[in-house]
4 protein chains.
Amino acid sequence: MSDREDHLVGEFPLIPKQERAQLKRDLLLKSGHELFILKGYEHTTAKEIAAHAGVATGTFYRYFSDKRQLLMSLLEDQIEMLMPPEPKWGVSDPESTLTALLEAYDKRIKEMGMQRVLPELLAKDKEFVEVLAAAKRKIFTRILLGLTMAYEKGLTWKDLDLNTVTWSLMTLAEHAPEKMKLCGNVTDYREVAKVICRFVFPPEVIKKLQLDKSEAEE
Amino acid sequence: MSDREDHLVGEFPLIPKQERAQLKRDLLLKSGHELFILKGYEHTTAKEIAAHAGVATGTFYRYFSDKRQLLMSLLEDQIEMLMPPEPKWGVSDPESTLTALLEAYDKRIKEMGMQRVLPELLAKDKEFVEVLAAAKRKIFTRILLGLTMAYEKGLTWKDLDLNTVTWSLMTLAEHAPEKMKLCGNVTDYREVAKVICRFVFPPEVIKKLQLDKSEAEE
Amino acid sequence: MSDREDHLVGEFPLIPKQERAQLKRDLLLKSGHELFILKGYEHTTAKEIAAHAGVATGTFYRYFSDKRQLLMSLLEDQIEMLMPPEPKWGVSDPESTLTALLEAYDKRIKEMGMQRVLPELLAKDKEFVEVLAAAKRKIFTRILLGLTMAYEKGLTWKDLDLNTVTWSLMTLAEHAPEKMKLCGNVTDYREVAKVICRFVFPPEVIKKLQLDKSEAEE
Amino acid sequence: MSDREDHLVGEFPLIPKQERAQLKRDLLLKSGHELFILKGYEHTTAKEIAAHAGVATGTFYRYFSDKRQLLMSLLEDQIEMLMPPEPKWGVSDPESTLTALLEAYDKRIKEMGMQRVLPELLAKDKEFVEVLAAAKRKIFTRILLGLTMAYEKGLTWKDLDLNTVTWSLMTLAEHAPEKMKLCGNVTDYREVAKVICRFVFPPEVIKKLQLDKSEAEE
DNA sequence: CATGAATGAGGATTCATTCAT
DNA sequence: GATGAATGAATCCTCATTCAT
């Protein structure tokens, strides 16, 4: 439809062209997202994504060069969210902080559900694997930095390798949502947070931090 | 073929029929295994598996009804091995015990490589998910039992939920091999074992157990 | 495409979408029809039908779920035509009437050629058999009704079972075209009509009906 | 197993070699026959035929060059039986004679069931079609000869074409078993025989022949 | 001769992607 | 830009036939 036509019809061009296109693109991303989660990447067809977004098959290919690119775009938007957030140490009660962080992380994961699609791709798409690894490394670095600072303040265990601590923290955070499949249906983030705190801080530090916090609250 | 002929030819090349069939089946399993790891489950075709095993496409279907069944057969063989082994607590230095267990587990994982294929299936194959979950639950129960006994002996933290501890232990064991992607190329199992010990035993218990062990060795 | 463009290009080559689709569907039906006759149903592949219709294999599956459905569509169109037409009795010279009917029936059969495909299916497709049987029963009832009326007017043999007469009539009509394979290359419908008349009407009735007709024509 | 071995075992070679082979061949023919009827020619596999006959797949090909040849052999054995038998005219009550013949024919047909397989082949196997046509022509000639003799004795209609009469007779005989699908579940051969008699003999001849017979019986 | 495992061409069907309208 | 019909390569799977034992 040309601009001229728009004017002839007499309607104010409510939505700028670009914006409408963006809208359609987003719709496709959303559809791809939902269907990938529902049926897996391989088992979702471009036609389905388009239909679910309410556009024609061909339109899909105007916005994405192929199915893989849609996935990659999804990831670019969301990969940051897939990463465990960076906790702030030594600020207040670390167990509560971690609990909140884990909950927030889990919520985002559920919103995206992308982790169900990822494994399918890990097996074959080298580029994808690298993108993911890079993102993870980024978070890793941030968390490690935080821990190092805590270490320098004498807050953490002296005799644990911080790399390993960081990795363990991330791993438990990442997989916490799966926990309920094994241990009943409630994922109690506080308990996971407590576990994590045991290998981050020695008992006396935890006590001290909790005391600090209580005092601060008074 | 008469008996006489048999003797002339000798019995060397005569592999019993059943054995040869088993051999071929194993060959196909091996090919499937390798290709699943190399290219992912979805991206491996029955034809490829057959070709890789040096047999015709049709032969594949003599031994397996389809690709999925081959995978299931692979799993039946290997699912136990995929599970983290059960550690013995309170027997000797727990860090060393755990380290050894983690190493053994990793070795098995690497031998199989199946864990690269598994996640892909978790996303869509309900039956598979259930099989795997059942196996995990089995291990979970065993580990939990061990921890409960340790708890009763006063060895573990009093204020941690044992379910969560068990799950954390399993999760770190299961994912330890991936650690190297993040923290350089060496997965130091001793460090992971130390981390695990921090959330299983309070510091004084660890010290005591290590002392016991040293004394025993003297 | 704007209206202006439409006018420049002219409307001649614009076949409405639906119509073109119908056209293609018809083309496929026609191809299926021809190939089924030429090579038999089992020996015709979907790919061949598509190629013969000048479209790609996939296009076949846009219009038909499979080969069987194409056949069923063919039959829905043609099954009525496959049935022997219903003769009118006691109106004029029955031999001439029958002759004309047989000729017309044969012509339709030849146009369709479907009867060469049908027997192949009778052997295995239960649903198909039922569809066909229902259609036949419909015709059977109509013919039987006509004969019963003729019977009540005293036109037919008193001592023949009308069911059997009806069935014989239908059978000869249906198979008349095959006659030439046995008795030379000309199927003389008048002779078949005469044979049929012998078991429908007693000789004196035939004479009377022919007389009536001659008088009417004078 | 060699003959020598047979002797060693001490059993009298009960069945001569050739005979045993013939037995196996017959078994295969029988299996093919049954399965073709049950599932159709195309849908019966060589493996199934062999299994049903209790022999190995390969054995099938020792006795028959291929599936088609087994069918041809079946036909050679049975094609004569598929043909309507030749009635004897003017000997006794023709209706009774025909009834008996039709019954006998139907029984044989049912024993063989081959007519359910034939149509599938008519569509594609030229040689098969010719074999069948030749057999039909043979029967046709025999029946025609009988009718011609009856004609010369003044027994038949003067004004009917004997070719057509012969063909009609064969057609009704051949399809009589299908009659029940249309007209209830009983195929009354006597009624079909009566219909046939009407177009073979004029009423006065029938009466006369029946009289002759009654007298002969007295 | 018998066996039945092995073969691989061939048929049915799907789906990522293109392109005429 | 939008459409969705068309494409055809690629997959799954079957089965007639061969051949080593």
Side-chain angles (χ1 to χ4, degrees), chain A residues 1-3 17 20-21 24 42-51 55-68, chain B residues 1-2 5-6 9 13-18 20-21 24-25 42-48 50-51 54-68, chain C residues 1-2 5-6 9 13-18 20-21 24 42-48 50-51 54-68, chain D residues 1-3 17 20-21 24 42-51 54-68:
Chain A
M1 204 186 278
S2 69
D3 285 347
K17 237 189 217 174
R20 258 188 309 158
K24 217 164 254 188
E42 289 295 338
H43 287 55
T44 302
T45 69
K47 200 178 178 179
E48 281 171 327
I49 298 172
V55 301
T57 321
T59 307
F60 179 98
Y61 288 90
R62 176 157 298 282
Y63 292 100
F64 303 97
S65 66
D66 53 24
K67 206 170 71 166
R68 190 174 167 282
Chain B
M1 202 187 280
S2 71
E5 223 172 283
D6 276 357
V9 177
L14 276 181
I15 304 168
K17 238 179 219 175
Q18 275 203 339
R20 253 185 319 152
K24 203 156 271 186
R25 206 189 115 97
E42 288 294 341
H43 286 268
T44 303
T45 69
K47 202 176 182 178
E48 280 171 330
V55 300
T57 322
T59 305
F60 179 97
Y61 290 94
R62 167 169 295 282
Y63 293 99
F64 304 97
S65 65
D66 54 20
K67 208 171 58 166
R68 192 174 169 282
Chain C
M1 200 187 278
S2 70
E5 221 171 282
D6 276 356
V9 175
L14 277 181
I15 304 169
K17 240 181 218 174
Q18 276 203 338
R20 253 188 318 154
K24 204 157 269 187
E42 288 293 341
H43 286 267
T44 303
T45 69
K47 204 175 181 179
E48 281 171 329
V55 301
T57 321
T59 305
F60 178 96
Y61 289 92
R62 168 167 295 282
Y63 293 99
F64 303 97
S65 65
D66 54 21
K67 208 171 60 166
R68 191 174 170 283
Chain D
M1 203 186 281
S2 70
D3 285 348
K17 236 188 216 175
R20 257 188 310 161
K24 217 164 253 186
E42 289 296 337
H43 288 54
T44 301
T45 70
K47 202 178 179 180
E48 281 171 328
I49 297 172
V55 300
T57 322
T59 308
F60 179 97
Y61 287 90
R62 178 156 298 283
Y63 293 99
F64 303 97
S65 66
D66 54 23
K67 207 170 70 166
R68 192 175 165 281

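Numbers restart at 1 for each chain; the letters A, B, ... are given by sequence-line order, proteins then strands. All values below were derived from every heavy atom in this structure, side-chain atoms included, with hydrogens, water molecules and symmetry-related copies excluded.
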What's the CG-C1' distance between D/D66 and F/dC15, to the nearest Å?
13 Å
Do C/K67 side-chain atoms and C/T44 backbone N/O form a donor-acceptor pair below 3.5 Å?
yes
Nearest-0.5 Å distance that lies between atom CZ in A/R62 and atom OG1 in A/T59:
8.0 Å
Whole-Å distance between F/dG1 C1' and A/Y61 OH?
18 Å
At under 4.0 Å, does any side-chain N or O of B/K24 touch on OP1 or OP2 of E/dA6?
yes
Give the nucleotide from the list E/dA16, E/dT7, F/dT3 with an atom nearest to the side chain of A/V55.
F/dT3
Could you tell me whether the phosphate oxygens of F/dA2, OP1 or OP2, come under 4.0 Å of any side-chain nitrogen or oxygen in A/Y63?
yes
Grab the two heavy atoms, one from A/A50 and one from A/A56, that are nearest each other, plus how far apart they are.
CB-O, 3.5 Å
Within less than 4.0 Å of OP1 or OP2 of F/dT7, is there a side-chain N or O belonging to C/T59?
yes
Minimum heavy-atom separation for D/Y61 and D/D66, please, with both atom names.
CE2-CA, 4.0 Å
Given F/dA16, E/dT14, F/dG4, the nucleotide with the shortest approach to the side chain of D/K67
F/dA16
Residue whose closest nucleotide on DNA chain F lies nearer the 5' end, B/T45 versus D/S65
B/T45
Would you kindly give the CD-to-C1' distance between A/E48 and E/dC15, to the nearest whole Å?
10 Å
Provide, to the nearest angstrom, the distance between the CZ atom belonging to A/F64 and the C1' atom belonging to F/dA2.
16 Å
Of the listed F/dA9, E/dA12, F/dA16, the closest approach to the D/A46 side chain comes from F/dA16
Any side-chain N or O of A/R62 less than 4.0 Å from the OP1 or OP2 oxygen of F/dG1?
no
Nearest heavy atom decides the nucleotide; on that basis, is D/G54 or C/G58 closer to the 5' end of DNA chain E?
D/G54
Starting the side chain at C-beta, find the nucleotide from F/dG8, F/dG4, E/dG4 nearest to C/A56.
F/dG8
Go ahead and name the base partner of E/dT21; Watson-Crick or wobble counts if both distances stay under 3.5 Å, otherwise write none.
F/dA2
Under 4.0 Å: is that the gap between some side-chain N or O of C/K47 and OP1 or OP2 of E/dT13?
no
Between P on E/dA9 and CZ on B/F60, what's the gap in Å once rounded to a whole number?
19 Å
B/E42 CD to E/dA16 C1', straight-line distance once rounded to whole Å:
15 Å
Could you tell me the separation between the CZ atom of B/R25 and the CZ atom of B/F64, rounded to the nearest 0.5 Å?
4.0 Å
